[in-house]
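Below: the structure, in structure tokens.
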Protein chains: 2
Amino acid sequence: MEISHRNLTQQLTHELGEAILQGKYNEFKKLPSEADISIEYDVSRTATREAIKMLTAKGLISSRPRQGIKLKDIKSWNLFDTDVLRWILLGKPDLYMLRHFLQLRLAIEPEAASLAARFATTDELAQIERSLASMKFNQAGYEDSHQGDIDFHKSILFASNNPFFVQLTTFIETALKVNLLFTNRAEAVSEAEYQAHVEIFNLIKAGNAQGAFDAAMKTQRETLRLVDEKIAEFKSKNL
Amino acid sequence: MEISHRNLTQQLTHELGEAILQGKYNEFKKLPSEADISIEYDVSRTATREAIKMLTAKGLISSRPRQGIKLKDIKSWNLFDTDVLRWILLGKPDLYMLRHFLQLRLAIEPEAASLAARFATTDELAQIERSLASMKFNQAGYEDSHQGDIDFHKSILFASNNPFFVQLTTFIETALKVNLLFTNRAEAVSEAEYQAHVEIFNLIKAGNAQGAFDAAMKTQRETLRLVDEKIAEFKSKNL
DNA sequence: CAATAGTATTTATAATACAAAATAGACCTC
DNA sequence: GAGGTCTATTTTGTATTATAAATACTATTG
């Protein structure tokens with residue numbers, strides 16, 4: 001992903017973040033002291049402290065003199081932070097977390113479609129349409145599968161013209177990629193799916209907020225149903 | 001608010017965060033160098049760097065050698081971070097931002113109510129009920145006004161048993177408090193409002209997901225309509 | 001004028017020293 | 001022995017200094 005040139009501090013931040021999300025530390029086994037982390041990762045205490053501060057800013061840990069560095073309860077983690085999210089998914093990808101994702105999408109996307117129907121500019125509509133074209137292209141077997149699909153959902157969030165929904169684009173994108181992983185759909189987008197997306201676009205373009213909401217909701221429910229099935233299947237297999 | 005014992009680094013983080021959100025710096029006027037910040041706020045470069053790292057972790061800024069510290073586009077800010085949110089509200093509270101908030105609540109809360117209807121434990125139901133009692137108490141004129149109202153919405157999010165929705169409790173709480181500020185409703189909760197909340201609770205308790213969704217949606221639409229009116233009023237006044 | 005080499009500025013990292021906070025344990029009192 | 005106080009110890013917090021690395025800017029050279 002966007003690794004770019006990570007400096008030491010950022011490198012360490014990510015390594016510690018991943019280690020935490022892999023369950024290396026927990027409520028009983030607290031993190032090593034700054035000094036020990038410095039030794040373990042062979043960096044100065046300066047770099048260690050800066051990494052600790054970044055993780056603190058993301059709500060993962062807290063540190064106090066003499067007490068050391070402690071993991072915080074998941075309630076205070078910034079789950080909507082891209083890094084935290086990625087660490088979670090890399091750590092222990094499980095179907096329940098995926099369902100939680102989809103429940104959130106179910107809440108967000110229909111409303112985003114509704115807002116897009118009311119507030120999208122012509123440029124933003126064009127962007128949505130372009131992603132549809134890309135889906136059609138994927139359907140024919142070219143290109144990265146489902147990138148058009150992903151762009152479609154992103155561009156709708158963007159067209160909501162609400163900064164909070166826009167912020168969720170990265171979030172939803174990650175959710176979509178994980179979803180594709182689990183539903184094992186490497187094949188092309190089906191015609192039915194494509195048509196469902198076209199319908200949503202047409203309703204948005206027509207400015208039909210309620211219609212766009214309902215259509216998007218229908219799609220989301222279907223996706224969630226698929227995962228619920230997967231979970232049921234998985235459960236019966238492991239009995 | 002929860003100031004507790006802020007150390008220098010955290011103090012500086014908040015001061016810089018507020019300064020940024022008050023528009024003291026922008027895309028043209030970048031932040032001073034670490035050295036200058038240290039002088040201006042009379043702290044060591046160590047503390048300054050750690051504060052900068054925390055703001056970086058929250059997506060507000062980025063820093064590179066020779067280039068200095070630059071503000072990032074709002075698209076990369078972690079709007080769901082409690083601190084960022086508070087700085088935004090303290091900075092320039094405007095009705096449009098409030099509407100954006102409410103649009104998000106409209107997306108989140110009905111679905112949370114629906115999930116609560118399906119997954120709430122008896123303890124969580126009891127918690128919702130307690131907040132209703134507190135509302136009734138407020139109605140009679142005692143206690144902090146609307147704290148029960150706020151607790152009601154928080155406890156429903158909590159009862160969704162979805163960590164993403166739970167994470168939004170703080171977010172929604174802030175939104176509610178600002179909303180109360182703008183709608184100028186220092187008086188007690190009305191009987192109609194109280195009854196609407198009781199209805200939502202009963203539907204959740206009965207396990208009626210669709211009903212709870214619809215009832216919560218209705219309440220949210222009403223709140224949003226009130227703010228839309230305020231905005232229209234404000235516009236006509238300033239012509 | 002273009003490519004290149006040099007220079008200056010700013011962040012990145014390291015190392016050291018000491019201050020402040022929090023805790024555990026010793027000690028003391030009754 | 002219960003309870004409290006004091007002290008020692010551990011760990012983070014802050015400051016300072018030094019140097020490295022990255023990069024924008026400048027000057028030079030062909």
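Just the heavy atoms: all of them, side chains too, but no hydrogens, waters or symmetry mates, feed the values below. Chain letters run A, B, ... following the sequence lines, proteins first, then strands; residues in each count from 1. Remember, it's a predicted structure, so these values are computed and weren't measured experimentally.
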Interatomic distance, K30(A) NZ vs dA22(C) P [rounded to whole Å]
14 Å

Run the ring-centre check on F101(B) versus F171(B) and record whether the distance is less than 6.0 Å.
yes

Can you list, by residue number, the residues of residues 67-77 of chain B that have a non-hydrogen atom closer than 4.0 angstrom to DNA chain D?
Q67(B)

Which heavy atom of I128(A) sits nearest a heavy atom of A159(A), and at what distance?
CD1-CB, 4.2 Å

In a table with atom names and distances, give each donor-acceptor pair under 3.5 Å that connects a side chain of residues 11-21 of chain B to protein atoms at least two apart or in another chain.
residue	atom	partner	partner atom	Å
Q11(B)	NE2	E15(B)	OE2	3.0
T13(B)	OG1	T9(B)	O	2.7
H14(B)	ND1	R6(B)	NH2	3.4
H14(B)	ND1	W87(B)	NE1	3.3

Does atom CZ (F119(B)) have a neighbourhood of more than 12 heavy atoms from anything else shown, all under 6.0 Å?
yes

Of all nucleotides in DNA chain D that come within under 4.0 Å of a heavy atom of chain B, which is furthest toward the 5' end and which toward the 3' end?
dG13(D) to dC25(D)

For L106(A) and P110(A), the nearest pair of non-hydrogen atoms, with its separation, is O-CD, 3.1 Å

Checking E111(B) side chain against I108(B) main chain: does a donor-acceptor pair fall under 3.5 Å?
no

Between Q220(A) (side chain only) and L102(A) (backbone N and O only), is there a donor and an acceptor less than 3.5 Å apart?
no

For the backbone of H100(A) and the side chain of N162(B), can you confirm whether one donor and one acceptor N or O come within less than 3.5 Å of each other?
yes

Within the supplied structure, the quantity of interest is the number of heavy atoms (other residues, nucleotides, ligands) at a distance under 6.0 Å from D42(A) CG; does it exceed 12?
no

May I ask you to check whether N161(A) and E124(A) show a side-chain donor-acceptor distance below 3.5 Å?
yes

Considering non-hydrogen atoms only, spot the tightest contact between V84(B) and N78(B) and give its length.
CB-O, 3.5 Å

Contacts of type salt bridge (Lys or Arg N to Asp or Glu O under 4.0 Å), residue R45(B), not counting sequence neighbours
E34(B)

Grab the two heavy atoms, one from L157(B) and one from S160(B), that are nearest each other, plus how far apart they are.
O-OG, 2.7 Å

Which residues pass the salt bridge (Lys or Arg N to Asp or Glu O under 4.0 Å) test with R99(B), not counting sequence neighbours?
D228(B)

Under the salt bridge (Lys or Arg N to Asp or Glu O under 4.0 Å) rule, what pairs show up with a residue in residues 56-72 of chain B, not counting sequence neighbours?
K58(B)-D81(B), K58(B)-D83(B)

Filtered N/O pairs between nucleotides 19-21 of chain C and protein, under 3.5 Å:
none

Which angle, to the nearest 10 degrees, lies between the helix axes at the two ends of the helix from dC1(C)-dG30(D) to dC30(C)-dG1(D), each defined by five pairs?
0°

With a 3.5 Å cut-off and no angle check, do the side chains of D123(B) and Q127(B) form a donor-acceptor pair?
no

If the threshold is 4.0 Å, N to carboxylate O, is there a salt bridge linking K24(B) and E40(B)?
yes

Which residues, if any, of residues 48-57 of chain B bring a heavy atom under 4.0 Å of DNA chain C?
R49(B), K53(B)

In residues 32-44 of chain B, which residues come under 4.0 Å of DNA chain C by heavy atom?
S33(B), E34(B)

With no hydrogens and no angle check, just 3.5 Å: does a side-chain donor-acceptor pair link T48(B) and S38(B)?
yes

Evaluate the criterion side chain to side chain contact (heavy atoms under 4.5 Å, CB included) for residue pair I52(B) and I61(B); output intermediate values, then yes/no.
CA-CA 8 Å; I52(B) 293 298; I61(B) 56 179; 3.9 Å; yes

Just call it for S63(B): base, sugar-phosphate, or nothing, with non-hydrogen atoms closer than 4.0 Å on any strand.
sugar-phosphate

Give me the residues of residues 10-17 of chain A where at least one heavy atom lies under 4.0 Å from an atom of DNA chain D, by number, or none.
none

In chain order, what residues pass the side chain to side chain donor-acceptor pair (under 3.5 Å) check against K75(A), with sequence neighbours excluded?
none

